[in-house]
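Structure, as structure tokens:
All values below come from the heavy atoms of this structure, side chains included, with hydrogens, waters and symmetry mates left out.
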Amino acid sequence: MEGFLRELDHTVADPIAYHAVFDQGDLPLNALLGQHIELRFLGEKRCRVCNRKVNKLYQGGYCYPCVTTLAQTDLCIVKPHECHFHLGTCRDAAYGESHCMIPHYVYLAVSSQAKVGLTRKGREYKRWVDQGAHKAMLFAEVSTRKAAGELEMMIAAFIPDKTQWRHLVVGKTSDVDLPALAKEIQGKLPESVRSFLLENQDVHTFHYPVLDEAVPKVRSLDLEKETLRDRFIGIRGQYMLFDSAVVNIKKHGGMKCAIIT
């Protein structure tokens, strides 16, 4: 299969069922575990939105004009507490209405260690798997992305809001009791946010397609600089794992690549 890459897609199953997504179609990946496969960059890049052919891409597949004008590539997407929709300065008010001014969840998860995060309501499973979470639970529901970002910042004073990718790819994780952690954090938050907190939430667990006893070398490979042919040993989050390296597929969005068996 070859074409312009997008981030990995998946179906929640046991283990997670992954697909490599190209502009021309999808390639199921779980069945390739244990095989020697080749990942190769074919020398062309196109913006995932406007399809412009470019020399450089940003934020996983956007050209410079798109990354500097689209609402989905604004700084407030990675810093939701800095949302400026209410100021009337959103790059695209329609996008803001449909993606930001809607209910969001704040959640607790364990990928490499316990962390806090946020996601649009209804997208929590995709978000958890994309981050390689081993387990996760909902913590609060708020009415907008900005409110979720502000609550996330409060909780980030007590636990991280980032995943340590090196620990993630080798499967190193902490054994955290999420309900106990949630109760501890609830007791530290101001009264003003208590009405948004969710009680008695289920803990969801996820298993990733990784060969037994297989541990990748912790080396992030850039396909623009190096072609990889190696034994494919698993996937966690957006990382394809090989004996000699790992490849962050989301980072290569918009690049024309081939996966050769």
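- Relative orientation of the Trp128 and Tyr125 rings is perpendicular, given thresholds of 30° and 60° on the angle between their planes.
- The environment of Asp175 atom CG is sparse: at most 12 non-hydrogen atoms of other residues, nucleotides or ligands sit within 6.0 angstrom.
- Across all non-hydrogen atoms, the minimal contact from Thr163 to Ser112 is CG2-OG, 3.7 Å.
- There is a path of hydrophobic side-chain contacts, each under 4.5 Å, that joins Leu228 to Val210.
- Here the side chains of Phe41 and Glu224 are in contact, with some heavy-atom distance below 4.5 Å.
- Scanning both residues, Tyr208 and Pro15, for their nearest heavy atoms gives C-CB, 3.7 Å.
- Taking all atoms of both residues into account, the shortest heavy-atom contact from Ala71 to Ile77 is O-CG1, 3.5 Å.
- Counting non-hydrogen atoms of neighbouring residues, nucleotides and ligands closer than 6.0 angstrom, the CZ atom of Arg40 reaches no more than 12 such neighbours.
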*Take Ile159 and Leu108 through the side-chain contact (heavy atoms from CB on, under 4.5 Å) test and state the conclusion after the steps.*
CA-CA 9 Å; Ile159 62 173; Leu108 304 179; 3.8 Å; yes
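- Cluster membership check: Leu39 shares its hydrophobic cluster with Leu211, using side-chain heavy-atom separations under 4.5 Å among Ile, Leu, Val, Met, Phe, Trp and Tyr.
- The CD1 atom of Ile233 sits 11.5 Å away from the CG atom of Asp212 when rounded to the nearest 0.5 Å.
- Taking the side chain as every heavy atom from C-beta outward, Pro209 and Ile16 approach each other to under 4.5 Å.
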*Any chance you could lay out the side-chain contact (heavy atoms from CB on, under 4.5 Å) test for Gln72 and His99, step after step, and finish with the verdict?*
CA-CA 9 Å; Gln72 60 262 44; His99 287 76; over 6 Å; no
*asked:* With side-chain contact (heavy atoms from CB on, under 4.5 Å) as the criterion, how do Ile249 and Ile235 come out once you've worked through the C-alpha distance, each side chain's angles and the decisive distance to 0.1 Å?
replied: CA-CA 10 Å; Ile249 297 299; Ile235 310 173; over 6 Å; no
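- Side-chain contact between Glu199 and Gln186: present, with at least one pair of heavy atoms (C-beta onward) separated by less than 4.5 Å.
- When atom types are taken as modelled, the side chain of Gln113 and the backbone of Lys162 share a donor-acceptor pair closer than 3.5 angstrom.
- The minimum heavy-atom distance linking Tyr239 with Val169 is given by the pair CG-CG1, 3.7 Å.
- For Phe85 against Cys90, the heavy-atom pair with the smallest separation is CD1-CB, 3.8 Å.
- No donor-acceptor pair under 3.5 Å is formed between the side chain of Lys115 and the backbone N or O of Ala109.
- Across all their heavy atoms, Cys63 and Cys47 have their closest contact at N-SG, 3.4 Å.
- Using a distance-only test at 3.5 Å, with no hydrogens or angles considered, no donor-acceptor pair links the side chain of Gln131 to the main chain of Val129.
- Taking a 6.0 Å sphere around NZ of Lys188, one finds it holds more than 12 heavy atoms contributed by other residues, nucleotides or ligands.
- Applying the side chain to side chain donor-acceptor pair (under 3.5 Å) test to residues at least two apart or on different chains, the pairs with a partner in residues 244-261 are Asp230-Ser244.
- A heavy-atom distance below 4.5 Å is found between the side chains of Arg52 and Pro65.
- Residue Tyr64 qualifies as open at atom OH: its count of foreign heavy atoms under 6.0 Å is 12 or below.
- Hydrophobic clustering (ILVMFWY, side-chain heavy atoms < 4.5 Å, transitive): Leu198 and Ile155 are in distinct clusters.
- Side-chain atoms of His19 and Asp9 include no donor-acceptor pair closer than 3.5 Å.
- Contacts of Asp130 classified as side-chain contact (heavy atoms from CB on, under 4.5 Å), with partners at least two apart in sequence or in another chain: Glu7, His10, Lys126, Gln238.
- Counted by atom type alone, Gln201 and Tyr105 present zero donor-acceptor pairs between their side chains at under 3.5 Å.
- Residues Leu189 and Phe158 have side chains in contact (heavy-atom distance under 4.5 Å, counting atoms from C-beta outward).
- Side-chain contact between Trp165 and Val246 is present, with heavy atoms from C-beta onward closer than 4.5 Å.
- Under a hydrophobic clustering in which Ile, Leu, Val, Met, Phe, Trp and Tyr are joined whenever their side-chain heavy atoms come within less than 4.5 Å, directly or via other members, Ile102 and Leu138 fall into different clusters.
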*From CA spacing to verdict: side-chain contact (heavy atoms from CB on, under 4.5 Å), His84, Asp74*: CA-CA 10 Å; His84 47 93; Asp74 202 351; 2.9 Å; yes
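- Neither Val21 nor Leu29 shares a network with the other; the hydrophobic side chains, linked directly or stepwise wherever heavy atoms of I, L, V, M, F, W or Y lie under 4.5 Å apart, form separate groups for each.
- A 4.5 Å side-chain heavy-atom check between Leu70 and Asp92 finds every atom pair outside the cut-off.
- Put simply, the side chain of Thr73 gets close to the backbone of Cys66: a donor and an acceptor are under 3.5 Å apart.
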*Dump the intermediate steps for ring pair (Phe, Tyr, Trp, His ring centres under 6.0 Å) on Tyr107 and Phe139, then the final yes or no.*
CA-CA 5 Å; Tyr107 62 83; Phe139 181 81; over 10 Å; no
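- One finds a salt bridge joining Glu191 and Arg194 here, because a Lys/Arg side-chain nitrogen approaches an Asp/Glu carboxylate oxygen to under 4.0 Å.
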